[in-house]
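This report concerns only the one structure given below.
In the text below, chain A, chain B and the rest are named by the order of the sequence lines, each starting its count at 1.
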2 protein chains.
Amino acid sequence: MVAMNISHAAKLSGVSAKMIRHYESAGLIPAAARTGAGYRLYTLDDVHRLAFIRRARAVGFGTEDIRQLLSLWQNRQRPARDVKRLAVEHLQQLQARIADLEAIADTLSHLIGHCHGDERPDCPILDSLAADSAASAAARKDTPRRKKAQ
Amino acid sequence: MVAMNISHAAKLSGVSAKMIRHYESAGLIPAAARTGAGYRLYTLDDVHRLAFIRRARAVGFGTEDIRQLLSLWQNRQRPARDVKRLAVEHLQQLQARIADLEAIADTLSHLIGHCHGDERPDCPILDSLAADSAASAAARKDTPRRKKAQ
DNA sequence: GCTTGACCTTCCCATGATGGGAAGGTTTAG
DNA sequence: CTAAACCTTCCCATCATGGGAAGGTCAAGC
């Protein structure tokens, strides 16, 4: 098997045909060779590259990170330090996102804990979202040229 | 102050003018009254509604959730149970996302721990992303009509 | 009265990864 | 020859947010 078309490469690599074309247009993979009719042709090397991308995506790397990882992967001389630095930065971003989400979840969890959740209409969750306190705080900073429009 | 224009409402509510227009087009807020010249006019009630939306966004609710929360907020008779159910569902989704991210972070963290990160070129992080093992697994399932294209 | 600057309006575009789907060409089996 | 299963490119949608252009409006200062 020297060459295969896109859906076969998709099955082998685990990357959808749609995304293979996308990665090509994004420059993560070189433009595929074409048949006379214009069909893309892939080799096993291409499939490996695609699978690499799929695994990198699975651990959350974005397009630009992957571009760098691919470049480091190709370069047999690169110091492992460069790869590790990229991974550590990415991990830190992940942890920051996790921390943000946990803060949100804690807030929500707290609100939920205070809501009896039965038939009665009073609800601390809505009360908290409606809280007027913070709304007027930002108002002091503006210097409106006029108090009303029109 | 009976009415104000959009930038003032933005300052008071903490929602950008851009997003106020967006929420209007999305139907989260009623279409604003207009001056003769077509300028939008807002009341303090509108500002409260906008601030409500801002706080709901801050705890991660999406547009459709907020639409329901606003409707529950307006309805004085609603049972707190309905609000709580919405919040609990949202919290569960948040927790699921957090769990996903944590799994990714753990994997990455593990890889990083195995990488010496110095000048040498051997790097378990890249090795793992390049791992051939999983790549060929999916291949057995397909029944290619032809082995090669062209 | 005219200019200036700070507003306002609508419309289009971009993000990032992914997929849906249309319109139309190609290949191969039957 | 036809039908099915491919392939191609192009456009659109997600989700919330903002940037920016083109053009209209308003208040203030001269």
Under 3.5 Å, side-chain donor or acceptor atoms of residues 65-73 of chain B against the rest of the protein: list the pairs with distances, not counting sequence neighbours.
unit_1, atom_1, unit_2, atom_2, d
B:Arg67, NE, B:Glu64, OE1, 3.0
B:Arg67, NH1, B:Ala26, O, 3.1
B:Arg67, NH2, B:Ala26, O, 3.2
B:Arg67, NH2, B:Glu64, OE2, 3.0

Side chains of residues 116-123 of chain A: which donor-acceptor partners sit under 3.5 Å, not counting sequence neighbours?
unit_1, atom_1, unit_2, atom_2, d
A:His116, ND1, A:Asp118, N, 3.1
A:His116, ND1, A:Asp118, OD1, 2.8
A:His116, NE2, A:Asp122, O, 2.9
A:His116, NE2, A:Asp122, OD1, 3.3
A:His116, NE2, A:Asp122, OD2, 3.2
A:Asp118, OD1, A:Arg120, N, 2.9
A:Asp118, OD1, A:Arg120, NE, 3.2
A:Asp118, OD2, A:Arg120, NE, 3.0
A:Asp118, OD2, A:Arg120, NH2, 2.6
A:Glu119, OE1, B:Arg81, NH2, 2.9
A:Glu119, OE2, B:Arg81, NE, 3.2
A:Glu119, OE2, B:Arg81, NH2, 2.4

What donor-acceptor contacts under 3.5 angstrom involve side-chain atoms of residues 90-106 of chain A, with partners at least two apart or in another chain?
unit_1, atom_1, unit_2, atom_2, d
A:His90, NE2, A:Val59, O, 3.0
A:His90, NE2, A:Gly60, O, 3.2
A:His90, NE2, A:Phe61, N, 3.4

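The distance from atom CZ of B:Arg97 to atom C1' of C:dA17 is 14 Å, rounded to the nearest whole Å. In this structure, A:Leu28 places its CG atom 11 Å from P of C:dT18, rounding to the nearest Å. When the C1' atom of C:dC7 is taken as reference, atom NZ of B:Lys11 falls 10 Å away, rounded to whole Å. Regarding B:Arg40, its CZ atom lies at a distance of 17 Å from the P atom of C:dC7, rounded to whole Å. Computed from coordinates, the B:His8 NE2 to C:dC8 P distance equals 11 Å when rounded to whole Å. Summarising the geometry, the separation between CZ on A:Arg54 and P on C:dA17 is reported as 17 Å, rounded to the nearest angstrom. Nucleotide C:dC8 holds its P atom 5 Å from the CG atom of B:Asn5, rounded to whole Å. Nucleotide C:dC7 holds its P atom 13 Å from the CD1 atom of B:Ile6, rounded to whole Å.
Of the listed residues (A:Ile29, A:Leu28, A:Ile53), just one forms a side-chain contact (heavy atoms from CB on, under 4.5 Å) with A:Ile20, and that residue is A:Ile29.
Remark: A:Ser16 pairs with no residue by the side chain to side chain donor-acceptor pair (under 3.5 Å) rule, at least two apart or across chains.
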Practice task
Start with the C-alpha gap between A:Phe52 and B:Leu126, add the side-chain angles, then the distance that decides, and say whether side chain to side chain contact (heavy atoms under 4.5 Å, CB included) holds.
Solution key: CA-CA 9 Å; A:Phe52 180 99; B:Leu126 285 184; 3.7 Å; yes
Practice task
Mark up nucleotides 19-26 of chain C, 5' to 3', with B wherever a protein heavy atom is under 4.0 angstrom from a base atom, S wherever such an atom reaches only the sugar-phosphate, and - elsewhere.
Solution key: BBB---BB
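Inter-residue side-chain proximity for B:His8 and B:Asn5 is flagged as met; some heavy-atom pair is nearer than 4.5 Å. Contact of the B:Gln74 side chain with the B:Arg49 side chain is registered, since non-hydrogen atoms from C-beta on lie closer than 4.5 Å. Within the 4.5 Å cutoff, the side chain of A:Leu41 has no heavy atoms near those of the A:Arg34 side chain.
Residues from residues 20-27 of chain B with heavy atoms under 4.0 angstrom of DNA chain D, sorted by number: B:His22, B:Tyr23.
The phosphate of D:dA16 has OP1 or OP2 within less than 4.0 Å of a side-chain N or O from B:Thr63. A sub-4.0 Å separation between OP1 or OP2 of C:dG16 and a side-chain N or O of A:Arg57 is absent.
In terms of position on DNA chain D, the residue among A:Ser7 and B:Phe61 whose nearest nucleotide sits closer to the 5' end is A:Ser7.
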